[in-house]
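The structure displayed is predicted, hence computed values, not measured ones. Numbering of ligands and ligand atoms starts at 1, following listing order. Numbering starts at 1 and runs along the sequence shown.
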Amino acid sequence: MIGGCCVCSDDRGYDENPIVYCDGHGCNVAVHQACYGIITVPSGPWFCRKCESQERAARVRCELCPHKEGALKRTDAGGWCHVVCALYIPEVSFGSINSMEPIILKKVPQDRYNKVFVFIISN
Ligand SMILES: [Zn+2]
Ligand SMILES: [Zn+2]
Ligand SMILES: [Zn+2]
C-alpha cells in the first residue's frame, strides 16, 4: 500500500482509528475508520461503498473531479463523490456526520465542478 489513507494521506493507523483496506477486486482504497465514517469495522472483509454497490465501475466517477479511484461515497442525488472532495469544498455537507453519507451537493456552485484536485488525490 502506498500513500496511506485516501482521505488524509496519513499512513499510520491508530487503535481507536485504524486504517481499513477495501477487499474489493482491484480496489486499492485505504481509509481511516473516522476518515470514511465507518461506524463499525467488520472483523472480516470490508468493502468501500463503490465496491459494495454492484454498480459497474466504469459508471462510477466523482462528480467534483475527474478521478474515479479513491474513497468515494454516494451523493444525495445517487451519484458519487470523493470524501476528500467533499471535505475540500465548503458548500458540501454530509447527510450524517457519523457515517459521512450521503454527500450533499445541492449547495455547490456550478463553477466548483470538474476542478482538478491532482495535489490532493494522488492517484
Ligand atoms: Zn485518514
Ligand atoms: Zn473498494
Ligand atoms: Zn473527487
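- Geometry about the Zn ion (ligand 1) gives an angle of 110° between SG of C35 and SG of C5, rounded in steps of 10 degrees.
- The Zn ion (ligand 2) lies at the vertex of an angle of 120° between the SG atom of C48 and the SG atom of C22 (rounded to 10°).
- Looking only at its N/O/S atoms, H32 has ND1 as the one nearest to the Zn ion (ligand 1).
- Checked by atom type and distance alone, the side chain of K106 never pairs as donor or acceptor with a backbone atom of D76 at under 3.5 Å.
- Judged purely by atom type and a 3.5 angstrom limit, H82 has no side-chain atom pairing as donor or acceptor with the backbone of V7.
- N17 contributes a side-chain N or O that, together with a main-chain N or O of A34, makes up a donor-acceptor pair within less than 3.5 Å.
- Between the side chain of Q33 and the backbone N or O of I19, no donor-acceptor pair lies under 3.5 Å.
- The angle subtended at the Zn ion (ligand 3) by ND1 of H82 and SG of C65 is 100°, given to the nearest 10°.
- None of the N, O or S atoms belonging to C6 lies under 2.8 Å away from the Zn ion (ligand 1).
- Geometry note: the Zn ion (ligand 2) is the vertex, C27 SG and C51 SG are the arms, and the angle is 110° (rounded to 10 degrees).
- Distances from the Zn ion (ligand 3) show that H67 has no N/O/S atom below 2.8 Å.
- Under the 4.5 Å side-chain heavy-atom criterion for grouping Ile, Leu, Val, Met, Phe, Trp and Tyr, Y14 is not connected to M100 through any hydrophobic cluster.
- Y36 places a side-chain N or O within 3.5 Å of a backbone atom of R49 that can act as its donor or acceptor partner.
- At a cut-off of 2.8 Å, C81 is not counted among the residues with an N, O or S atom near the Zn ion (ligand 3).
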